Amino acid sequence: MARVSANKMRELLKVYFIMGSVNCKRKPADVLEEAIAGGITLFQYREKGARALTGEEKWRLGKELQAICQKHHIPFIVNDDVDLAIELDADGVHIGQEDEPADLVRKKIGDKILGVSAHTIEEAQKAVVQGADYIGVGPIFSTNTKEDAKKPQGPKLIESMRKQGIDIPIVGIGGINIANAGQVIASGADGISVISAICLADDVKESAAQLKKATM
Ligand code: 3NM
């Protein structure tokens, strides 16, 4: 399999849903099925936080969510855990700045999708050189979901990355919802990534569909 093209990556990033058991009020598999029915384009399994599953349980839920993604042809990305991504033969992995360096991860995963979180122009440039397929830029707005999130940067951060020639596919993250998603796209992002706007919605399918509309 060849590396994903930038154009294909941009399409996949449109509505990037991230979730783990900790984020869900209901069965994660049901939430994912409904989000896919609403039109999400990419999924990340992010099993993180105080009550997150570990070991066998983490693997089992990953396997279950991956099977749902495969049934619907939605690529399945694993957050942070490169070994799990390889074990499951996931479609890709997403890493933060505090994880293993991106160039080492690229060597381990071959042509799988590699996403890297970037909070500054320098981090974005480095991710490009080290072989990222996309960068996640955030937090754009304030978020209650990530305990150690940095100060919100606003859509301006993405705008200034684009102005300074960063042309890698970009997804905005952090506090994005139906009301503000359009601003993120207008700033130059290819897509939006959300946890709570989908996970905590009363109507998961409808929320995913509205987010998709907001990115068009
Ligand atoms: N990463 P919500 S913000 C997982 O800034 C994550 O890199 C962030 O959750 C970053 O959509 C964030 O509920 C949380 O705000 C996103």
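Computed from a predicted structure; not experimentally measured. We count ligands from 1, going down the list as the structure has it; atoms in each ligand are counted the same way.
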inquiry  = Please list all pairs meeting salt bridge (Lys or Arg N to Asp or Glu O under 4.0 Å) that have one or both residues in residues 183-196, counting only residues at least two apart or in different chains.
reply    = Arg10-Asp190, Arg162-Asp190

remark   = In chain-and-number order, ligand 1 lies under 4.0 Å from a heavy atom of each of Arg46, His119, Gly138, Pro139, Thr143, Thr145, Lys146, Ile173, Gly174, Gly175, Val194, Ile195, Ser196

inquiry  = Hydrophobic cluster membership, with links at side-chain heavy-atom distances under 4.5 Å among I/L/V/M/F/W/Y: are Leu200 and Ile178 in one?
reply    = no

query = Does Asp81 pair with Lys58 as a salt bridge, N-O distance under 4.0 Å?
reply = yes

inquiry  = One pair to check against salt bridge (Lys or Arg N to Asp or Glu O under 4.0 Å): Glu122 and Lys126. What are the steps and the verdict?
reply    = CA-CA 6 Å; Glu122 292 70 30; Lys126 192 166 168 201; over 6 Å; no

message = Walk me through whether Ser117 and Gln97 qualify under side-chain hydrogen bond (donor to acceptor under 3.5 Å, both in side chains).
response = CA-CA 6 Å; Ser117 296; Gln97 290 293 322; over 6 Å; no

ask   = For residues Gln44 and Ser193, is any side-chain donor paired with an opposing acceptor at under 3.5 Å?
value = no

